[in-house]
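Read through the structure below, which is laid out as structure tokens, and then see the notes.
Below, each value reflects all heavy atoms present in this structure, side chains not excepted, and no hydrogens, waters or symmetry copies.
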Amino acid sequence: MKHVSGGEEFPQSVEDVEGVVWPIPPSEATSLVRTAHRLRQVPIGELSTEDLRIMLSQNVGTAAILPRALDRLEANPLAAGDFYPGDLLRAALRLRQDQWLGPAGLLDKARGIARRADAMIAELDGTQAPELRRLILEFLSDRSGFDPGRTH
């Protein structure tokens, strides 16, 4: 899967990057399915934090949008979609290891973001802070020896 470079303006949609157009969802499709289909057609640079969270959470266009999501998280590690501060980071940290295969800089960037977010966790109120901290520590621990150039 082609990863979109983090330095680009992201004018292409996931459909453009992947070269795959999904069929129109059936009428009985859930709102989430219809949303995922629609978001695949939006230029990546126009995706909101919530759009990125939805797509990462649903594993839709991950390779195409991950650089954009990391750019957003680099600017604010606790960027919030519609749920709570850090929900975009949570979606990124829950990706499978194989989804980090791509440019080596992506994983390094994610590690740096996770470390910064860990230092910011104290700012969070509510029940999300302990879970987010757990995910951050698991991400840093599980991938500390992870070599994005080889598969596991």
Side-chain angles (χ1 to χ4, degrees), residues 1-10 13-14 17-18 22 25 29-152:
M1 178 56 55
K2 176 183 173 187
H3 282 76
V4 177
S5 167
E8 296 176 11
E9 292 292 320
F10 303 102
S13 68
V14 169
V17 173
E18 292 180 349
W22 284 4
T30 65
S31 173
L32 182 58
V33 169
R34 287 192 303 276
T35 297
H37 278 253
R38 178 184 57 78
L39 292 176
R40 285 180 50 80
Q41 300 171 349
V42 175
I44 295 168
E46 296 177 17
L47 293 170
S48 69
T49 299
E50 176 63 4
D51 296 339
L52 293 166
R53 184 201 64 78
I54 289 169
M55 295 179 79
L56 288 178
S57 296
Q58 298 302 311
N59 293 308
V60 174
T62 301
I65 66 166
L66 187 54
R68 178 65 173 160
L70 292 179
D71 285 349
R72 186 77 46 91
L73 289 167
E74 193 168 46
N76 178 6
L78 299 179
D82 287 354
F83 291 133
Y84 53 85
D87 61 2
L88 178 59
L89 179 62
R90 179 183 183 274
L93 296 179
R94 293 176 56 97
L95 294 174
R96 297 182 321 264
Q97 278 193 351
D98 66 317
Q99 291 174 297
W100 292 98
L101 296 174
L106 287 182
L107 187 58
D108 291 339
K109 189 174 192 177
R111 286 179 180 142
I113 291 165
R115 286 184 194 99
R116 284 183 49 225
D118 189 41
M120 299 169 71
I121 290 288
E123 298 174 16
L124 292 180
D125 294 329
T127 60
Q128 295 80 22
E131 180 195 1
L132 189 56
R133 179 123 205 282
R134 180 186 58 78
L135 286 171
I136 289 169
L137 295 176
E138 285 177 11
F139 179 83
L140 292 172
S141 172
D142 289 348
R143 287 156 176 86
S144 61
F146 180 59
D147 178 357
R150 80 172 190 254
T151 58
H152 292 273

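Taking both residues in full, the closest heavy atoms of Leu140 and Ala114 are given as CD2-CB, 4.0 Å, listed atom of the first, atom of the second, then distance. The two atoms that bring Pro25 and Ala29 nearest to each other are CB-CB, 3.9 Å, heavy atoms only. Looking at every heavy atom in both residues, Ala92 comes nearest to Trp100 through O-CZ2, 3.5 Å. Minimum heavy-atom separation, Thr49 to Gly81: CG2-N, 3.7 Å. Here the closest heavy-atom approach between residue Leu56 and residue Leu95 is recorded as O-CD2, 3.9 Å. Nearest heavy-atom pair across Val60 and Ala36 is CG2-CB, 4.1 Å.
For residues 105-133, no residue pair satisfies the ring-ring contact (aromatic ring centres under 6.0 Å, His included) rule, not counting sequence neighbours. Contacts classified as ring-ring contact (aromatic ring centres under 6.0 Å, His included) and involving residues 30-64 (residues at least two apart or in different chains) are given here: Trp22-His37. Screening residues 72-82 for salt bridge (charged side-chain N to carboxylate O under 4.0 Å, His left out) gives Glu74-Lys109 as the qualifying pairs, with residues at least two apart or on separate chains.
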Apply side chain to side chain donor-acceptor pair (under 3.5 Å) to the pair Gln128 and Asp87, showing each step before the final yes or no.
CA-CA 9 Å; Gln128 295 80 22; Asp87 61 2; over 6 Å; no

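Separation of atoms CG (Leu78) and CG (Asn76) is listed at 6.0 Å; rounding is to 0.5 Å. Rounding to the nearest 0.5 Å places CD1 of Ile54 at 7.5 Å from CZ of Phe83. Between the CG atom in Leu52 and the CG atom in Leu88 there is a gap of 6.0 Å [rounded to 0.5 Å]. To the nearest 0.5 Å, the span separating CD1 on Ile44 from CG on Leu39 amounts to 11.0 Å. Glu138 contributes atom CD, which lies 9.5 Å from atom CZ of Arg94 (distance to the nearest 0.5 angstrom). Here the CZ atom belonging to Arg134 is positioned 12.0 Å from the CD1 atom belonging to Ile121, to the nearest 0.5 angstrom.
In terms of the side chain to side chain donor-acceptor pair (under 3.5 Å) criterion, residue partners of Glu131 (sequence neighbours excluded) are, by chain and number, Arg90. In this structure Ser13 satisfies the side chain to side chain donor-acceptor pair (under 3.5 Å) test together with Asp16, sequence neighbours excluded. Arg34 pairs by the side chain to side chain donor-acceptor pair (under 3.5 Å) definition with nothing, not counting sequence neighbours.
Between Leu107 and Arg111 there is a side-chain heavy-atom pair separated by less than 4.5 Å. Side-chain contact between Thr35 and Gln58 is absent, with no heavy-atom pair separated by less than 4.5 Å. Within the 4.5 Å cutoff, the side chain of Phe10 has no heavy atoms near those of the Leu47 side chain. Leu89 is listed as a side-chain neighbour of Ile136, based on a closest heavy-atom distance under 4.5 Å.
Shown here is Arg116, whose CZ atom has more than 12 heavy atoms of other residues, nucleotides or ligands within 6.0 Å.
The backbone N or O of Arg96 lies less than 3.5 Å from a partner atom in the side chain of Gln99, making a donor-acceptor pair. A distance-only check finds no donor-acceptor pair linking the side chain of Asp118 to the backbone of Arg115 [under 3.5 Å].
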